[in-house]
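Just follow the structure's listing: the first ligand is 1, and inside any ligand the first atom is 1. Positions are given from 1, in the same order as the sequence printed here.
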Amino acid sequence: MAITILKGDITGQRVDAIVNAANSSLMGGGGVDGAIHRAGGPAILDECRALRASKYGRGLPTGQAVATTAGRLDARWVIHTVGPVYSADEDRSALLASCYRESLRVAGELGAASVAFPAVSAGVYGWSAESAAQIAVDTVRASGTEVDDIRFVLFNDEVYAAFEREM
Ligand code: AR6
């Protein structure tokens with residue numbers, strides 16, 4: 001398994017699966033979620049709606065992951081995961097680690113050989129770059145995944161620097 005870090009926009013990655021830092025509604029949002037839906041087009045949202053109507057009537061729970069088509073993106077699949085909102089009162093690290101483990105489990109089931117991750121929860125959901133990077137790198141390293149090309153694609157300099165230190 002090779003783990004690499006890159007700076008830039010995840011939507012341009014030529015990988016089998018791109019992970020989306022979604023919210024429970026699966027109905028899109030800002031940040032990387034908005035970018036993925038904009039670049040991938042309406043086919044992604046159509047499948048998200050179908051998932052809400054079938055398996056996830058109450059939304060995708062925090063820490064879980066589910067795949068859809070990637071629409072117009074180069075990737076074959078988008079794997080949507082829901083990171084925890086940062087809390088100063090409660091340690092939610094296990095939920096953030098679960099996002100990475102579950103996304104890799106779904107990727108393995110799909111037969112994806114390459115997966116690109118954003119820094120889940122490091123934006124609107126309020127985690128520091130440092131702790132988001134530590135949990136991401138530790139969890140992927142310990143995952144025992146069969147995915148052999150894993151990339152962290154980081155949009156801002158501070159988050160990129162934190163992943164660089166962690167690696
Ligand atoms: N490519 C890679 N990384 C990106 C991109 C991009 N195109 N755009 C932003 N980032 P966030 P969260 C980085 O807020 O914290 C959404 O509204 C960004 O700089 O996208 O998990 C969802 O619908 C940051 O480092 O996700 C949820 O409601 C990282 O991606 C909520 O935000 C994550 O930031 C989820 O919040």
Side-chain angles (χ1 to χ4, degrees), residues 3-42 44-49 51-52 56 58-68 70-75 77-88 90-104 106-107 114-137 139-140 149-167:
I3 305 178
T4 49
I5 59 171
L6 301 163
K7 210 179 281 184
D9 181 350
I10 202 169
T11 61
Q13 287 292 306
R14 291 181 170 270
V15 282
D16 291 332
I18 287 177
V19 175
N20 181 20
N23 59 63
S24 283
S25 81
L26 295 176
M27 293 296 109
V32 69
D33 194 6
I36 287 171
H37 280 280
R38 271 193 305 278
I44 301 175
L45 196 56
D46 287 347
E47 265 194 48
C48 286
R49 284 208 181 88
L51 283 166
R52 285 298 307 276
Y56 297 108
R58 302 171 74 176
L60 180 66
T62 304
Q64 294 191 25
V66 67
T68 65
R72 296 191 296 255
L73 295 173
D74 284 329
W77 301 285
V78 173
I79 297 172
H80 307 264
T81 191
V82 183
V85 176
Y86 179 76
S87 165
E90 187 191 355
D91 182 4
R92 297 180 177 165
S93 309
L95 283 167
L96 185 52
S98 174
C99 290
Y100 289 95
R101 260 197 310 276
E102 284 299 299
S103 296
L104 288 172
V106 169
S114 51
V115 175
F117 282 98
V120 179
S121 289
V124 174
Y125 281 181
W127 287 65
S128 71
E130 225 61 66
S131 50
Q134 188 188 356
I135 292 165
V137 172
T139 306
V140 168
D149 170 358
I150 296 172
R151 307 175 193 178
F152 292 109
V153 183
L154 308 158
F155 205 56
N156 80 49
D157 292 344
E158 188 198 348
V159 175
Y160 180 85
F163 272 76
E164 202 172 29
R165 281 191 293 276
E166 200 53 46
M167 293 282 289

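- In this pair, Phe117 and Tyr100 present their aromatic rings tilted. The plane angle is within the 30 to 60° band.
- Given atom 29 (C) of ligand 1, the protein heavy atom at minimum distance is Ala119 O, 3.3 Å.
- Under the 4.5 Å side-chain criterion, counting only non-hydrogen atoms from C-beta, Val66 is not in contact with Val106.
- In Leu154, neither the side chain nor the backbone holds a heavy atom less than 4.0 Å from any atom of ligand 1.
- When hydrogens are left out, the protein atom nearest atom 31 (C) of ligand 1 is Tyr125 CE2, 3.6 Å; that is the closest non-hydrogen contact.
- Between Ala35 and ligand 1, a contact under 3.5 Å exists for no N or O pair.
- Nearest heavy-atom pair, Glu102 versus Gly63, reported as atom, atom and distance to 0.1 Å: CG-O, 3.4 Å.
- Between the side chain of Thr68 and the backbone N or O of Ile44, no donor-acceptor pair lies under 3.5 Å.
- With hydrogens and angles ignored, the 3.5 Å screen pairs no side-chain donor or acceptor of Ser114 with any backbone N or O of Val15.
- Ranking protein heavy atoms by distance to atom 1 (N) of ligand 1, first place goes to Ile10 N, 3.0 Å.
- Scanning the protein heavy atoms around atom 20 (O) of ligand 1, the nearest turns out to be Val32 N, 2.8 Å.
- For atom 28 (O) of ligand 1, the candidate residues are Thr81, Ile18, Asn23, Asp9; the nearest heavy-atom contact is made by Asn23.
- Near Asp33, meaning under 4.0 Å from any of its heavy atoms, are these atoms of ligand 1: 22 (C), 23 (O).
- Among all heavy-atom pairs drawn from Val153 and Ala116, the shortest one is CG2-CB, 4.0 Å.
- Of all atoms in ligand 1, numbered sequentially from 1 with element shown, those under 4.0 Å from a heavy atom of Gly29 are 17 (O), 23 (O).
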Worksheet item: When you look at Asn20 and Ile79, which way does the side chain to side chain contact (heavy atoms under 4.5 Å, CB included) test go after all the steps?
Response: CA-CA 6 Å; Asn20 181 20; Ile79 297 172; over 6 Å; no

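- Atoms of ligand 1 lying under 4.0 Å from at least one heavy atom of Val153, given by number and element, are 2 (C), 3 (N).
- Every N/O-N/O distance between Pro118 and ligand 1 stays at or above 3.5 Å.
- Looking at Trp77, its side chain never comes within 3.5 Å of a backbone N or O of Val19 through a donor-acceptor pair.
- From the protein, the heavy atom lying nearest to atom 18 (C) of ligand 1 is Phe155 CB, 4.4 Å.
- For Ala132, the heavy-atom gap to ligand 1 stays at 4.0 angstrom or more.
- Within the listing of ligand 1, atoms 8 (N), 9 (C), 20 (O) sit less than 4.0 angstrom from a heavy atom of Gly31.
- Scanning all protein heavy atoms for the shortest distance to atom 19 (O) of ligand 1 gives Asn156 ND2, 3.6 Å.
- Nearest to atom 14 (O) of ligand 1 among the protein's heavy atoms is Val124 N, 2.8 Å.
- Some N or O of Gly30 is nearer than 3.5 Å to an N or O of ligand 1, by distance alone.
- Under a 3.5 Å cut-off, the side chain of Thr139 and the backbone N or O of Ile135 do form a donor-acceptor pair.
- Here's the thing with Thr11: none of its N/O atoms is less than 3.5 angstrom from an N/O atom of ligand 1.
- Each of the following atoms of ligand 1 lies closer than 4.0 Å to a heavy atom of Gly8: 1 (N), 2 (C).
- Between the Arg14 side chain and the Ala75 main chain, no donor and acceptor come within less than 3.5 Å of each other.
- At distances below 3.5 Å, at least one donor-acceptor pair connects side-chain atoms of Ser121 with backbone N or O atoms of Pro84.
- Counting heavy atoms under 4.0 Å from ligand 1, residue Ala21 touches it through both backbone and side chain.
- Taking every heavy atom of both residues into account, Leu95 and Thr62 meet most closely at CD2-O, 3.7 Å.
- Close to ligand 1: Ser121, with a non-hydrogen atom less than 4.0 angstrom away.
- Aromatic pair Tyr86/Tyr125: centroids not less than 6.0 angstrom apart.
- Asn156 approaches Val159 most closely through the heavy-atom pair OD1-N, 2.9 Å.
- The nearest protein atom to atom 15 (O) of ligand 1, hydrogens excluded, is given as Gly123 N, 2.8 Å; this is a heavy-atom distance.
- Residue-to-ligand polar distances keep Val159 apart from ligand 1: every N/O pair is separated by 3.5 Å or more.
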